[in-house]
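In the text below, chain A, chain B and the rest are named by the order of the sequence lines, each starting its count at 1.
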Amino acid sequence: MHRGRRNRGRRANRLGKRDAPNAAAARLRTARCGARADLLGDAAPPQPSGARPMRLTRFFLPLLKEQPAEAQIASHRLMLRAGMIRQAASGIYTWLPLGYRVLRNVERIVHEEQAAMGANAVLMPTIQPADLWRESGRYDAYGPEMLRIRDRHDRDMLYGPTNEELITDVFRGAVSSYRDLPRILYHIQWKFRDEVRPRFGVMRGREFLMKDGYSFDIDSAAAIHSYNRHLVAYLRTFERMGLKAVPMKADTGPIGGDHSHEFLILADTGESEVFLDSAVLDLALGDRAIDFDSRDGLQAIVDQWTKPYARTDETHDAALFESAVPEARRTVRRGIEVGHIFYFGTKYSEPLGARVAGPDGAQVAVEMGSYGIGVSRLVGAAIEANHDDKGVIWPEALTPFHAGIVNLKQGDAEADAACQSIYDRLTAAGLEPLYDDRDERAGTKFAAMDLIGLPWRVTVGPRGLKSGVVELTSRRTGESQELTPEAAVAKVAAIYGR
RNA sequence: CGGGGCGUAGCGCAGUCUGGUAGCGCGUCGGUUUUGGGAACCGAAAGCCGCAGGUUCGAAUCCUGCCGCCCCGACCA
């Protein structure tokens with residue numbers, strides 16, 4: 001636990017440094033986010049910087065003071081209490097504004113890292129024709145987890161639990177030569193699996209948002225390079241989110257080989273027991289430059305991360321664990337699976353006839369892999385790994401707002417003006433503050449901020465303003481410092497590399 | 001799918017055993033006093049008591065059926 005905390009702190013620093021020189025990318029991200037918020041009709045007017053600040057008096061944030069009866073684990077409880085989600089049916093949720101902002105952050109980071117690794121974003125439909133699944137043989141194999149639908153013409157349809165068939169269909173119709181390889185296609189789309197017993201809120205819902213990607217290569221060596229691209233891209237993705245996700249050897253089933261890994265975030269409420277060499281927890285990519293086109297370079301990183309023992313109970317080998325890991329580093333914890341990568345060869349390309357002509361003119365089935373990230377699940381997992389008894393503690397990369405501004409005396413001319421000024425300056429810096437401008441007591445505002453977990457809070461009151469200072473408080477450590485309003489803004493901007 | 005539990009105001013719950021027309025706390029609204037960590041007092045609004053049928057003079061309460069939600073297990077991730 002203590003180690004985890006320290007690591008998170010160090011990682012936040014590293015990421016801050018890495019982001020700083022990357023101002024162009026940061027602006028691009030902000031701009032894209034802003035443009036999208038416009039379409040989605042957020043209340044605040046667009047700012048020149050593209051940032052979307054918010055006043056609490058205009059924000060739909062239904063907080064619950066009491067514990068919802070149906071929620072058992074911290075993330076589910078806190079997501080309901082913090083007004084992030086609301087259940088529509090068992091395992092199906094509406095994402096309210098606060099939760100939706102976090103979900104969008106997760107999505108954004110996934111998109112950016114997929115692009116950096118060379119994947120192409122697409123968007124496949126949620127509803128799929130059953131015939132495609134009959135072709136792969138999975139229509140009958142999938143069982144009652146698959147939601148089957150019939151349209152008005154009595155055609156069998158289904159709400160997709162995954163997309164291998166569709167993507168292979170797209171691919172086989174468009175690609176016929178080895179010259180068109182490799183390709184990596186992915187999308188982020190809602191899936192539905194009719195779980196017998198949904199639970200733990202978005203951690204195990206029936207409807208869930210998932211990034212699933214598919215690689216197409218001419219031979220096994222090329223396919224393993226694609227696999228390695230994903231493994232490293234996933235390391236970057238989770239690290240950027242401020243999360244410690246460990247790749248663990250996964251079961252490859254009948255296909256065999258070493259090329260399947262699950263990424264697990266360590267948390268006491270995790271669904272799997274995990275066994276690992278604590279050395280893997282000290283690894284970090286940091287701001288290392290990565291050439292995704294270098295086979296040897298990627299393989300070296302993959303080796304470094306997959307060499308230490310790390311397995312779930314499914315693949316755990318007690319004898320090997322004891323012989324390979326020094327006793328002091330043997331760690332047994334629980335983990336939440338947030339990613340899964342899999343090289344499966346010609347399992348789908350063969351039956352679906354996805355073939356290309358090789359250099360020698362012979363038709364060969366393409367070598368494929370599939371790669372998933374549980375986008376909506378990550379929101380819950382991030383909370384499981386980052387909360388205390390007062391509420392959520394967002395990593396900077398995922399937080400729905402960069403900082404909260406608490407006006408301790410709403411209506412006081414000086415306090416109001418100081419808050420407005422801080423709000424404007426943070427916004428001008430490209431950040432998105434949440435200003436609690438409600439006419440509420442201090443305690444109520446503090447409790448709300450603690451619950452929703454913004455990592456930084458600027459507290460403004462007449463008492464401090466008399467001596468020209470406001471208070472900047474870290475949600476994670478609880479440490480406060482008194483600064484001039486200008487210095488507080490500068491400090492928050494620096495934390496976010498702005 | 002097997003076992004268990006629960007549906008009563010926005011949230012958390014009592015009332016059901018023993019039938020007599022609905023209550024508490026929080027929240028909400030109005031007022032007064034407060035105001036640097038979920039304030040105090042006064043007043044108010046808000047319920048097809050999950051749905052349908054039955055028994056009864058009378059049903060939140062008893063009976064039958066259905067629906068929904070939660071927990072344990074199996075499953076899945």
Side-chain angles (χ1 to χ4, degrees), chain A residues 60-73 76-77 80-83 86-93 96 142-146 161-162 191-208 210 212 248 250-251 260 262-265 267 269-274 312-314 334-340 342 372-378 380-381 384 389-391 404 406-412 415 419 436 438-452 457-467 469-471 473 475 478 480 482:
Chain A
F60 184 74
L61 186 69
L63 301 178
L64 300 178
K65 200 168 186 174
E66 293 179 70
Q67 300 292 355
E70 75 266 25
Q72 303 301 311
I73 63 168
H76 190 192
R77 255 190 339 252
L80 291 167
R81 286 195 55 210
R86 193 186 163 102
Q87 179 167 297
S90 180
I92 301 177
Y93 295 86
L96 303 179
Y142 219 92
E145 274 212 340
M146 186 153 74
T162 176
K191 310 281 192 296
F192 193 91
R193 290 181 195 169
D194 199 357
E195 300 276 349
V196 189
R197 181 149 100 85
R199 61 188 119 170
F200 308 145
V202 301
M203 296 264 288
R204 188 166 164 200
R206 291 193 291 173
E207 187 182 55
F208 55 98
M210 179 177 171
D212 49 318
M248 304 200 184
D251 200 350
S260 181
E262 297 176 336
F263 288 76
L264 286 101
I265 288 176
T269 45
E271 69 273 355
S272 317
E273 190 168 27
V274 300
T312 68
D313 42 18
E314 280 177 7
R334 300 198 69 83
I336 301 166
E337 185 187 340
V338 292
H340 195 163
F342 206 109
I373 292 179
V375 173
S376 50
R377 166 174 258 230
L378 264 166
E384 287 300 326
D389 54 344
K390 288 185 287 194
V406 170
N407 187 344
L408 292 175
K409 191 158 178 132
Q410 205 69 42
D412 176 274
C419 286
D436 190 345
R438 296 175 300 168
D439 188 14
E440 289 287 350
R441 300 166 65 86
T444 302
K445 294 191 176 189
F446 287 141
M449 281 293 169
D450 288 344
L451 176 59
I452 68 176
R457 186 185 80 208
V458 183
T459 309
V460 180
R463 190 192 294 173
L465 288 176
K466 273 204 181 66
S467 38
V469 297
V470 298
E471 196 178 75
T473 307
R475 174 66 178 86
S480 282
E482 297 201 324

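- Using a distance-only test at 3.5 Å, with no hydrogens or angles considered, no donor-acceptor pair links the side chain of A/Arg206 to the main chain of A/Ile92.
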Practice task
Check the pair A/Val470 / A/Leu465 against side chain to side chain contact (heavy atoms under 4.5 Å, CB included), numbers first and verdict last.
Solution key: CA-CA 7 Å; A/Val470 298; A/Leu465 288 176; 4.2 Å; yes
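- B/rG15 sits 16 Å from B/rC62 when the C1' atoms are compared, rounded to a whole Å.
- A/Glu271 pairs with exactly one of A/Ile336, A/Asp313, A/Thr312 by the side-chain contact (heavy atoms from CB on, under 4.5 Å) rule, that one being A/Ile336.
- For A/Arg457 against B/rG37, a side-chain N or O and a base N or O form a donor-acceptor pair under 3.5 Å.
- Taking atom CG of A/Leu61 as the reference point, atom P of B/rU28 lies 13 Å away to the nearest angstrom.
- B/rC6 is paired with B/rG68 under the Watson-Crick or G-U wobble criterion, all donor-acceptor distances under 3.5 Å.
- In this structure, CG of A/Leu64 is placed 8 Å from P of B/rG12, rounded to the nearest angstrom.
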Look for any protein N or O under 3.5 Å of an N or O in nucleotides 39-41 of chain B and output each such pair with its distance, or none.
from   : atom 1 : to       : atom 2 : distance (Å)
B/rA39 : OP2    : A/Arg441 : NE     : 3.3
B/rA39 : N9     : A/Arg441 : NH1    : 3.3
B/rA39 : N7     : A/Arg441 : NH1    : 3.3

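- Nucleotide B/rC17 forms a pair with no other nucleotide shown, judged by Watson-Crick or G-U wobble geometry with both contacts under 3.5 Å.
- The one candidate from A/Asn407, A/Leu408, A/Asp450 that meets the side-chain contact (heavy atoms from CB on, under 4.5 Å) condition with A/Lys445 is A/Asn407.
- You won't find any donor-acceptor pair under 3.5 Å spanning the side chain of A/Glu66 and the base of B/rG27, going by distance alone.
- Taking atom P in both B/rG5 and B/rA22, one finds a spacing of 30 Å when rounded to whole Å.
- Residue contacts shown for A/Ala447 include a base, since a base heavy atom lies under 4.0 Å away.
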Practice task
Check the pair A/Glu145 / A/Glu195 against side chain to side chain contact (heavy atoms under 4.5 Å, CB included), numbers first and verdict last.
Solution key: CA-CA 6 Å; A/Glu145 274 212 340; A/Glu195 300 276 349; 3.9 Å; yes
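- Per the geometry, CZ belonging to A/Arg77 stands 14 Å off P belonging to B/rG12, to the nearest Å.
- The separation of B/rA59 from B/rC76, taken at their P atoms, amounts to 50 Å, rounded to a whole angstrom.
- In this structure B/rA60 sits in no base pair that meets the Watson-Crick or G-U test at under 3.5 Å.
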Handout entry: side chain to side chain contact (heavy atoms under 4.5 Å, CB included) between A/Met449 and A/Thr459, worked out
Key = CA-CA 11 Å; A/Met449 281 293 169; A/Thr459 309; over 6 Å; no
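- Nearest-nucleotide assignment on RNA chain B puts the 5′-proximal partner with A/Glu440, out of A/Glu440 and A/Asp450.
- Remark: B/rG47 base-pairs with no nucleotide; criterion is Watson-Crick or G-U wobble with both hydrogen-bond distances under 3.5 Å.
- Remark: C1' of B/rG10 and CZ of A/Arg81 are 15 Å apart, rounded to the nearest angstrom.
- B/rC11 and B/rG58 are spaced 33 Å apart, taking the C1' atom of each and rounding to whole Å.
- In this structure, the nucleotide among B/rG37, B/rU28, B/rG36 sitting nearest to the side chain of A/Thr459 is B/rG36.
- Pair check for B/rU32 finds B/rA40; Watson-Crick or G-U wobble, both atom distances under 3.5 Å.
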Exercise for the section: Quick one, give me the B/S/- string for nucleotides 68-77 of chain B, reading 5' to 3', where B means a protein heavy atom under 4.0 Å from the base and S means that only happens at the primed atoms, P, OP1 or OP2. Expected result: -SSBB-BBBB
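- Taking the P atoms as reference points, B/rG20 lies 42 Å from B/rG38, given to the whole Å.
- Along RNA chain B, the nucleotide closest to A/Arg86 and the one closest to A/Thr473 are compared, and the more 5′ of them pairs with A/Arg86.
- Atom pair A/Glu482:CD and B/rG36:P shows a separation of 16 Å (rounding to whole Å applied).
- Taking all atoms of both residues into account, the shortest heavy-atom contact from A/Met210 to A/Gly372 is CE-CA, 3.9 Å.
- Without hydrogens or angle criteria, A/Arg334 side chain to A/Thr269 main chain gives no donor-acceptor distance under 3.5 Å.
- The nucleotide B/rG73 finds its pairing partner in B/rC1, both defining distances of the Watson-Crick or G-U wobble pair being shorter than 3.5 Å.
- For the C1' atoms, the distance linking B/rG54 with B/rA14 amounts to 28 Å, nearest Å.
- The two residues A/Arg197 and A/Arg199 come nearest to each other via the heavy atoms NH2-NH1, 2.7 Å.
- Residue A/Gly374 is classed as having no contact, given no heavy-atom separation below 4.0 Å to the nucleic acid.
- You'll find the side chain of A/Thr162 reaches within 4.5 Å of the side chain of A/Arg193, heavy atoms only.
- Straight-line distance between the C1' atoms of B/rC72 and B/rG30: roughly 48 Å, to the nearest whole Å.
- Rounded to the nearest 0.5 Å, atoms CE (A/Met248) and CD (A/Glu337) are 10.0 Å apart.
- Comparing the P positions of B/rC75 and B/rG65 gives an interatomic distance of 31 Å, to the nearest angstrom.
- What separates CG of A/Leu96 from P of B/rG10 is a distance of 17 Å, to the nearest Å.
- Residues A/Phe208 and A/Pro161 approach most closely at CZ-O, 4.5 Å, considering heavy atoms.
- Counting to the nearest Å, the P atom of B/rU35 and the CG atom of A/Asn407 are 16 Å from each other.
- Following rounding to the nearest Å, A/Gln67 (CD) and B/rC26 (P) show an atom-to-atom distance of 17 Å.
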